[in-house]
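Letters A, B, ... mirror the listed sequences (proteins, then strands); counts begin at 1.
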Amino acid sequence: MAEKLLHNYPYLIAALIFAVGCYIVLSHTNLMRKIIGVNVMETAVFLFLVAAGNVRGGKPPIIDLANPDVAYVNPLPSALILTGIVVSVSVTALSLALVVRIHRQYGTIDADEIAAIRSAEDV
Amino acid sequence: MFNNLPVLIVVMLLISAFLAPLFVRRFRRATQVVAGVVTWTAAGLSAWLLARVVQAGPIRFAVGGWPAPWGIEVTATPLSAFVVTVATVIVAIVMLGLPREQRDWPSNRAGWYITLLLLLTAAMAGMTFANDLFNLYVFFEVTALSSWGIVAAKTDRSAADASFKYLMLGAIGSSFVLFAIGITYVVTGYLNMSFASAFIAAAQLHPIIPWVIATFFLVGLALKAGLFPMHIWLPDAHSAAPTSASALLSGVVVKVYAVAMAKVFYGLFGGASLEAMGISEMVRLAAVLSILAGSLFALVQTDIKRLLAYSTVAQIGYVFLGFGLGGTVGVAAALYHILAHGLMKASLFLASGKVIELRGSRNIKGFAGAGRLLPLPMAIFTLAALSMVGLPLLAGFTTKWYLFNAGLEARLYWVPVVVILSSLLNAAYFLPIVWRIWFGQGEAEGAADRRVPGLIPLAVLLVAVGLVPNPLLNLLQQAAAWLIS
Amino acid sequence: MEDLLLFIFLTFLLAASLSVCFIKKLIHAVIVFGVYSLVMSVIWQMLGSPDLAITEAAAGIGVSVIMIAVVTRLGREDQ
Amino acid sequence: MRKIFALVVLLPCVAALILLAAELPPYACPDNPTNNEVPARYLEKGVEEAGAINIVTDIIVDYRAYDTLIETTVLFTALVAVMLVLKGVEKQNAR
Amino acid sequence: MNVLILIAVALPVLGAVAVWLPSLRRAPLVAPLLTAVLVALAVAGLKLMPGGGETSTWWQVAPGLSIAFRADEAAWLFAMLAAALWVPATAYANSYMAHHRHKVRRFFTFFTLSLTATMGIALSANFFTLYLFYELLTFVTWPLVIHNETPDARRAGRVYLIYSLAGAAVVLAAMVATWWVAGTLDFTPGGLLAGASPAVIRLTVILLTLGFGVKAAVMPLHAWLPAAMVAPTPVSALLHAVAVVNAGCFGLLRTFYSVVGSAALEAAALSTSLLALASITIIIGSIFALRQDLLKRRLAYSTVSQLGYITLGVFSGSPGLLLGSLMHFVNHGLMKITLFFCAGAIITRTGIEHISKMEGIGRRMPWVMGAFTLAALGMVGIIPINGFQSKWFLFQGALTAGRPEVIVILLASALLNAFYFFPIIGAAFFKGEEKWQSEGLSSALIWTPVLTAALCIVFGLIPSLLHPLAAETVQSLIN
Amino acid sequence: MPDKILREITSLLLPFIQMYGIYVVFHGHLSPGGGFAGGMVLGVSLVLYILVFGLDSCLRKIPHHLSSALESFGTLWYAAVGFVGLLRGASFLMNKGAGIDVGTPGELFSGGLIFIITIGVGVKVASTMLSLFYTLVEED
């Protein structure tokens with residue numbers, strides 16, 4: 001198994017980064033840091049897919065019309081991840097906007113402090 | 001042309017959404033009307049599609065003319081056409097109340113809100129029609145982004161907080177789903193569900209692979225749908241949103257995620273192998289926990305919108321339970337509950353929105369004596385609440401009955417016990433409110449304006465669905481049979 | 001050789017993500033995150049997806065810039 | 001407390017992923033299931049069928065154009081949501 | 001669709017709506033009475049008209065779930081009893097509410113709706129219909145229990161609701177089990193579960209006992225009944241003599257013999273423990289009744305105890321005991337409604353609710369207390385009154401069924417009845433001084449108890465009025 | 001306040017960055033990149049402009065409502081192009097299959113609808129970045 005893992009190390013690294021990203025989101029109370037964590041998670045998945053698209057000795061999938069016998073990497077994951085990146089930018093944008101608004105309205109971007117303010121409001 | 005319909009419904013909604021912010025500043029009323037008309041048109045088209053699909057069999061449409069493993073395939077099956085019809089109809093009905101709700105909003109905010117609602121509808125439709133996993137994911141994200149947006153539509157600060165919480169957990173959920181899609185692609189080489197499932201069935205995969213795929217899908221979608229241990233964002237988000245948004249989020253959106261889960265699970269693995277992997281067991285367990293915990297949490301709420309949100313946690317458990325039980329009857333029960341609960345929850349939110357507006361507070365004490373001020377909305381609230389409790393002849397009972405049958409068919413004898421227990425708990429938190437409405441002592445003033453647009457169609461549909469469930473259930477069993485096969 | 005380079009970069013990526021987690025000061029974490037996306041973009045170039053590399057570079061820079069702008073604004077008001 | 005909770009949630013996840021990573025098809029091997037008829041057609045006929053020599057562009061704008069349409073919608077949605085979130089929200093007295 | 005059944009079940013809904021007619025000033029008083037009379041006539045007509053025993057299906061909700069009605073013997077017996085007693089109860093309620101003006105319209109709306117629920121239970125042709133109206137009965141009687149809206153009433157209402165809803169939920173579970181085993185819910189004379197395994201039958205029987213036992217006030221499930229005594233007296237009369245408790249007993253009867261079936265019941269081999277349950281209810285109920293000072297609470301515990309007689313026959317499965325219990329079903333209804341009418345009249349006139357303060361009241365209100373005495377004597381089982389008859393047939397049944405221990409229970413209970421009724425009568429007529437100012441009472445408060453008491457005597461004197469009917473019913477249930 | 005050197009260097013660099021962005025958009029079908037990458041580069045260049053020269057000077061050149069309108073317009077453009085295939089009797093979003101001339105592969109004006117769509121996407125992404133930055137940094 002260790003050998004297999006070593007051979008699949010991009011997958012392994014992607015899995016570990018995914019976990020680290022998830023850990024950042026769950027363990028930190030700072031909202032900005034949570035946003036970074038989500039980004040890390042998403043890029044980890046992207047890394048996983050792009051690595052899966054790689055083919056040993058493959059060239060980037062831009063067809064060389066003069067030279068038909070070139071091996072190319074799989075273009076599909078790249079196309080997917082291009083979409084994925086835009087999605088993650090969008091999510092980041094919205095979460096940043098929310099952080100700005102939370103800061104405007106609560107004066108803090110720490111989840112614990114916000115929770116404290118809210119529970120004080122409820123009483 | 002007709003085969004384009006699943007895409008055209010989505011694109012039509014999208015185009016109207018793109019146009020809305022451009023025109024809302026000058027022609028606000030017209031924008032609202034056009035949005036409503038477009039949604040009703042989408043509802044009509046999807047109903048037509050449903051009728052055609054039931055008659056002539058599923059439509060498989062290759063977008064852009066590229067056949068399945070290369071291009072994106074969109075399928076209109078009885079299942080997806082039904083779910084889209086339900087979603088669009090409920091959205092259209094809820095949108096009837098927009099002009100009234102947005103009276104005091106600035107024009108541009110109103111426009112953005114309408115845009116997001118249209119985008120949400122389009123994305124739900126697209127998600128349901130998708131047969132391509134990545135296409136599903138992209139629509140998934142549009143749904144998510146637009147629901148995060150509408151949760152924060154109110155300007156008070158709890159809305160921002162709730163939306164952020166929702167966003168974080170939703171983003172984690174999306175990552176899990178994307179990871180699962182990625183693994184599926186890496187293992188099978190296909191994004192199309194039909195092809196991937198054929199590959200999974202044929203290849204000798206190490207058992208951990210499908211298990212991890214299914215678990216990641218389950219975690220991701222359960223996070224989005226607010227199943228019990230992952231429901232923590234739901235009460236905040238559904239209570240902080242404007243009334244129409246709460247009605248839609250609770251009534252429709254969470255269920256579309258459940259349908260997505262069912263589609264992915266049955267589309268990729270099939271019922272037998274889900275059972276063998278223990279995934280069905282996991283879904284059922286989560287559903288039961290959700291049913292019981294949601295009701296118990298709802299029992300101690302004093303804020304009506306939070307109460308209804310927790311009740312959604314419980315009710316989404318029914319849907320998951322139905323899907324987890326499998327078999328035509330179980331899936332049909334889940335689908336029926338999607339419609340029934342959509343109608344019930346939307347009516348409950350709309351009616352209580354009126355009370356909140358009247359009293360200026362979300363405390364359930366505000367319901368005292370509301371029956372005299374708002375007789376019709378409160379009568380519909382009562383109807384929907386009793387339906388939630390599961391009184392015979394109302395829609396909630398039919399769900400229960402079919403879940404019983406499904407549970408007994410699957411030889412899981414605890415299912416009736418759980419469902420009965422849950423309806424008792426429902427009674428425990430809904431009946432005091434009903435009593436307050438009619439017999440409580442409250443302020444007698446107010447209520448110059450008794451109309452709640454959209455409530456009457458919802459109630460009529462709810463009664464009809466409860467009294468004449470038979471044709472619908474026949475249809476749903478067809479849809480379920482298609483999903484399972 | 002190429003594999004070794006990739007291995008080093010990937011390990012660096014993991015280290016960068018871990019340091020995002022454990023760096024104390026927020027602004028530093030954001031900057032490290034920017035570096036992280038640049039490294040990611042290099043890796044993607046190595047994996048044969050120049051399209052992605054360009055997009056990620058642009059998006060990573062854009063997102064990091066906006067993040068830094070937001071953080072500094074929020075930080076300024078805090079003090 | 002929060003950290004312990006996060007670890008407890010994540011450890012099984014990490015374990016599953018590591019087990020999975022070992023069982024996935026080997027990295028960068030030309031015989032992987034991903035290198036099936038799908039990318040083959042893109043690479044062989046993409047230029048002829050869609051007209052761009054950058055195959056990734058072919059895929060995103062032609063073969064999978066629907067995804068890309070929705071993707072622009074994602075960006076649009078995000079922007080509309082951002083404006084709804086921020087515009088016209090006044091600063092409040094924080095505490 | 002049978003018109004008479006339609007009238008019996010649906011007319012009260014119209015009546016309840018008519019209560020709110022603004023153009024009729026006396027609508028709250030007239031509409032319920034008219035409804036009750038028409039319903040009673042319709043039910044009577046069901047026996048006389050041919051074709052009353054046919055099933056008429058109203059609505060098919062889902063496969064196997066239909067709303068259907070049929071007036072077979074047992075159905076008619078319960079429907080007739082309820083409809084007939086509803087007329088005096090309504091008349092009584094009219095007078096009573098004229099004295100206690102509080103939300104009269106609301107009261108009569110739900111009062112009349114209860115008639116629908118009761119008729120629906122009585123005439124149901126399948127388990128689903130029975131369950132539907134059983135659930136409905138809870139919802140329409142609950143506002144009556146908390147009518148006064150005092151804290152006590154609210155508490156009682158909550159208890160009532162919790163017990164009833166839980167009971168209905170258990171009935172639902174039994175219904176699911178039946179559906180699963182039999183594939184149909186239609187009542188059939190031989191029962192549906194004949195071929196099922198003993199374990200399933202046992203489970204179903206236990207579920208049914210728990211579910212209907214709540215409203216039938218079988219002993220550990222009886223607590224709601226004394227609590228519900230805070231309701232207005234017409235409601236108590238209705239709940240305790242006519243509608244609710246009898247609905248519970250009827251539900252037991254119906255489901256035991258038309259769903260489970262007597263053969264399957266025997267196979268389940270539960271009758272001994274169920275009989276023990278009923279016996280405990282009889283004895284403990286009487287003992288609790290002894291300790292009450294509040295008249296209505298004493299009557300409530302007496303009801304608990306007397307319902308034990310009825311459930312005893314149902315649980316036993318033997319024709320003889322069942323005959324006795326069916327007769328007691330009717331007789332107890334007559335006697336208990338009389339007793340509550342009297343209690344209400346006393347409260348309305350004097351404001352006295354405690355037995356210890358009732359010395360000499362019999363001389364002040366001779367008619368009312370006379371009726372009370374007659375009914376109480378019937379309860380004890382003194383000879384010319386109808387209570388004696390049911391006990392007599394119960395004795396006979398016990399002997400033929402080979403259960404002599406039942407006789408001991410019945411005798412002990414009769415003794416206890418005497419212990420808790422005679423002191424009231426004695427105090428009312430032979431103690432105290434005449435010191436109350438008489439207040440005018442509406443006539444209905446007096447003539448209704450007198451009427452029902454007279455009926456008690458009539459039924460007691462002419463056994464052939466009731467016995468053939470009961471025998472016929474037993475025949476139809478056990479063949 | 002950014003100092004003079006920064007301003008000078010930025011004003012020198014910006015045209016090149018923007019040229020590069022436009023190049024990437026226009027050559028999306030020939031070389032790496034495309035609408036998203038190029039649009040993003042353009043957008044980032046505008047953000048850089050704001051960071052150096054201030055929000056107001058940028059708002060004067062490209063008002064907020066213009067960038068928002070462009071944003072809607074870019075998306076609409078895409079959807080409208082999708083209908084070309086439908087109007088020609090083929091299916092939605094169809095390119096060559098609907099009989100559109102895709103030109104000679106490898107030339108700038110080739111790829112049929114791909115080229116048109118890419119430009120729309122580029123405009124959209126650039127204006128989105130700009131509007132996003134406007135909205136996030138605006139004080140109100």
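- Here the OG1-CE distance, from B:Thr115 to D:Met83, works out to 8.5 Å after rounding to the nearest 0.5 Å.
- Residue B:Pro106 does not touch chain D at all, counting heavy-atom pairs closer than 4.5 Å.
- The closest donor-acceptor contact from the side chain of D:Arg64 to the backbone of B:Ile72 lies at 3.5 Å or more, if one exists at all.
- Heavy atoms of other residues, nucleotides or ligands lying less than 6.0 angstrom from CZ of D:Arg2 number more than 12.
- In this structure, B:Phe216 and D:Leu17 have side chains that are in contact, with non-hydrogen atoms separated by less than 4.5 Å.
- Between atom OG1 of residue D:Thr77 and atom CG of residue B:Leu119 there is a gap of 4.5 Å, rounded to the nearest 0.5 Å.
- Per-residue heavy-atom pair counts under 4.5 Å with chain D were compared for B:Trp148, B:Phe195, B:Tyr190, and the maximum is reached by B:Tyr190.
- Neither the backbone nor the side chain of B:Val219 comes within less than 4.5 Å of any heavy atom of chain D.
- Neither the backbone nor the side chain of B:Pro210 comes within less than 4.5 Å of any heavy atom in chain D.
- Both the backbone and the side chain of B:Ser146 have a heavy atom closer than 4.5 Å to some heavy atom of chain D.
- Per-residue heavy-atom pair counts under 4.5 Å with chain D were compared for B:Val63, B:Ile209, B:Val10, B:Asn135, and the maximum is reached by B:Asn135.
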Verdict with supporting geometry, D:Leu24 and B:Ile183, side-chain contact (heavy atoms from CB on, under 4.5 Å): CA-CA 8 Å; D:Leu24 284 176; B:Ile183 299 169; 4.3 Å; yes
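- When all heavy atoms of D:Ala81 and B:Gly149 are compared, the pair lying nearest together is CB-CA, 3.9 Å.
- Using a 4.5 Å cut-off between heavy atoms, D:Asp67 contacts chain B through both its backbone and its side chain.
- Counting all heavy atoms, side chain and backbone alike, B:Ala153 lies closest to D:Leu84 at CB-CD2, 3.9 Å.
- When all heavy atoms of D:Pro33 and B:Val186 are compared, the closest pair comes out as CG-O, 3.9 Å.
- At a 4.5 Å heavy-atom cutoff, the contact between B:Leu145 and chain D is made by backbone and side-chain atoms alike.
- Screening D:Ile70, D:Val74, D:Thr73 for a side-chain contact (heavy atoms from CB on, under 4.5 Å) with B:Phe139, the sole residue that qualifies is D:Ile70.
- Contact of B:Leu191 with chain D is made through the side chain alone, with heavy-atom distances under 4.5 Å.
- The part of B:Phe199 that comes within reach of chain D is its side chain, from C-beta onward, which places non-hydrogen atoms under 4.5 angstrom from that chain.
- Looking at every heavy atom in both residues, D:Glu23 comes nearest to B:Ile208 through CG-CG2, 3.9 Å.
- If you measure heavy-atom distances from B:Val74 to chain D, the contacts under 4.5 Å come from the side chain alone.
- Rounded to the nearest 0.5 Å, atoms NE2 (B:His206) and CG (D:Leu19) are 8.0 Å apart.
- Proximity to chain B is absent for every atom of D:Asn35, based on heavy atoms less than 4.5 angstrom apart.
- Under the 30°/60° scheme for interplanar angles, the aromatic rings of D:Tyr63 and B:Trp66 are found to be tilted.
- Note that OH of D:Tyr42 is 9.0 Å distant from CH2 of B:Trp70, once rounded to the nearest 0.5 Å.
- In this structure, the separation between CZ on B:Phe134 and CD on D:Glu71 is 8.0 Å, given to the nearest 0.5 Å.
- For chain D, the option among B:Val11, B:Thr215, B:Val212, B:Ile150 with the highest count of heavy-atom pairs below 4.5 Å is B:Val212.
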Check against side-chain contact (heavy atoms from CB on, under 4.5 Å), B:Glu73 and D:Tyr66: CA-CA 10 Å; B:Glu73 192 187 49; D:Tyr66 190 43; over 6 Å; no
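- Interface remark: B:Asp132 contributes side-chain atoms only to the contact with chain D (heavy atom separation under 4.5 Å).
- Using a 4.5 Å cut-off between heavy atoms, B:Val138 contacts chain D through both its backbone and its side chain.
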